[in-house]
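What follows is a single structure, written as structure tokens, with notes after it.
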Amino acid sequence: MKKILMIGNGFDLAHGLPTSYKNFLKFCEIINNFFLYQTVNAETANQNVENYFGEYTTIKQRLRKEFSTFVLEPSKNPFEILNKIADKAIQDFYKMICDNIWIKYFFYIEKSNKLQENWIDLEVEIFKVIQYFENTSKDNENSSVKELKFYLKDANSKKNYPEKSTEILEIDLRRMTRALEIYLTEFVEGIPLEEFHKKGYIEDIAPDYVLSFNYTDTYSRLYDTSNNVEYDYIHGYARYNNTESTNNMVLGISESLPDESKNKDLRFVTFKKYYQRIYKKTGNKYLSWLKDLENSIIRTEKQNLEIENHNKTLFAGPHPQNLKQQAKICKTDPIPKYELYILGHSLDVTDGDIIRRFLCCNNITTTIYYLDNGIDLKEKISNLIRIIGQDELISRTGDLETIKFKPIPSDS
């Protein structure tokens, strides 16, 4: 029986890695403020590093090494300082976040305490912005959207506003995605393996396949010592040697338009996850896994039918009893099944098109791990209803028993 492990960002967080959007935004803020010499000096920058990344020795030491070499002067231009930075990753990172519309917007949202805890909450904010521009209706112009429009107008002051808004939003989303790639590959993945917290219950799964919605290779680095696991990084894979244009990380939203216009109004299609998966060629290995299961089921059913027909012929006609006893009766094989384990994924509808394919397969039994905090299970059940519907969920957690929930062990 083949096993599939499906993981989201909660997987990395469970291992103590600073991969939440808040970790990323805080890193952006530290770097941004360091170069904006008017608001912070080197001593303050070092203190910010200690406050927010103190437990991550490699990140702390790397940043402090650069910050401690500067005594910032109000007369200096940030790009004068940039050219003196020895760490190329910090240089590249700042170039991606400098005057970035989305970074400014999320700083504003974060300071307004309007962002929740998960990456999906950041995607929801992107969704609101895109939906506003698609509808161009004043009715859904909240204070956050007004703030973003201010940033756009400032960035586009020498151009025609808002005609260039789509282009600016698209370019800066690519820049922010590249900044995230640099952060993950150069800083998060620089944390030594001995600082990870390995989980026994994850080791016990021992999957044949890993379907990762993350950009990092945490499972591979920590658990796959034999290199026998096949991976599908459905949202892309972070590599430092990429560029803004070769980066293949998917960071976007689900479809925001109604059925009657989603195939016609393509002004903001580049922000949609399905488009990014196609354009960035992230692949869909998971479809071949499902196809292999389907083919093995067909082969087994065919073989079983042949075996049943063979067994019937053994007793057909007037054969002596001793011949019947000596005849070889073949046994049929059980229908193949896969086991799916979902860990650290919110099961939000933005990834519903992929999740649905697994959950609605009768030959896949699914175990969904949840935090036993009184909240996580409720949210996961609610999200599953949005993905497969209440009738399907009731059936699969009841009569069919293909979906079950399991609390994450408390000692993990």
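Position 1 is the first residue of the sequence; numbering continues from there.
Lys404 places none of its side-chain heavy atoms less than 4.5 Å from the side chain of Ile368. The closest side-chain heavy-atom distance from Phe268 to Val129 is not below 4.5 Å. Ile388 places a side-chain heavy atom less than 4.5 Å from the side chain of Cys360. Counting heavy atoms from C-beta outward, Phe213 and Asp351 have side chains that approach closer than 4.5 Å. Asp172 is not listed as a side-chain neighbour of Met176, based on a closest heavy-atom distance of 4.5 Å or more.
With hydrogens and angles disregarded, no donor-acceptor distance shorter than 3.5 Å links the side chain of Asn247 to the backbone of Glu244. Using modelled atom types, one side-chain atom of Tyr215 and one backbone atom of Val250 make a donor-acceptor pair closer than 3.5 Å. Checked by atom type and distance alone, the side chain of Thr282 pairs as donor or acceptor with a backbone atom of Ile234 at under 3.5 Å. Looking at Ser288, its side chain does come within 3.5 Å of a backbone N or O of Lys285 through a donor-acceptor pair. Arg277 places no side-chain N or O within donor-acceptor distance of the main-chain N or O of Asn284, the cut-off being under 3.5 Å. Arg396 places a side-chain N or O within 3.5 Å of a backbone atom of Leu359 that can act as its donor or acceptor partner. Looking only at distances, no side-chain donor or acceptor of Ser261 sits under 3.5 Å from a matching main-chain atom of Leu257. Side-chain atoms of Lys337 never come within 3.5 Å of backbone atoms of Met1 as a donor-acceptor pair (strictly under, hydrogens ignored).
Atom CG of Leu122 is separated from atom CH2 of Trp102 by 9.0 Å, given to the nearest 0.5 angstrom. A distance of 9.5 Å separates NZ of Lys95 from CD1 of Ile182, quoted to the nearest 0.5 Å. One distance of note links CD1 of Ile7 with CG of Leu211; it measures 8.5 Å at 0.5 Å rounding. Note: Thr19 OG1 to Asn9 CG = 3.5 Å, rounded to the nearest 0.5 Å.
Phe271 and Phe127 have their aromatic ring centers separated by at least 6.0 angstrom. Aromatic pair Phe93/Phe27: ring centres closer than 6.0 Å. In this structure, the ring of His15 has its center less than 6.0 angstrom from the ring center of Tyr223.
Residues Val49 and Lys60 approach most closely at CG1-CA, 3.7 Å, considering heavy atoms. Shown here for Ile97 and Ala179, the closest heavy-atom pair between the two residues is CG2-CB, 3.7 Å.
A side chain to side chain donor-acceptor pair (under 3.5 Å) with Glu230 is found for one member of Tyr209, Trp289, Tyr286 and no other, namely Trp289.
Note on Asp353 versus Arg357: no salt bridge recorded, every NZ/NE/NH1/NH2 to OD/OE distance being 4.0 Å or above. Taking 4.0 Å as the cut-off between side-chain N and carboxylate O, Glu339 and Lys2 do not count as a salt-bridged pair.
Defined by atom type and a distance below 3.5 Å, a donor-acceptor pair is present between the side-chain atoms of Thr350 and Asp348. Tyr231 and Asp224 are linked by a side-chain donor-acceptor pair at a separation below 3.5 angstrom, with hydrogens and angles left out of the test. No donor-acceptor contact under 3.5 angstrom links the side chains of His235 and Asn214, judged on distance only. For the residue pair Asp92 / Tyr240, a side-chain donor-acceptor distance below 3.5 Å is found, with atom types taken as modelled.
Taking the six-membered ring where tryptophan is involved, the planes of Tyr183 and Phe187 are essentially parallel, since the angle between them stays under 30° and well short of 60°.
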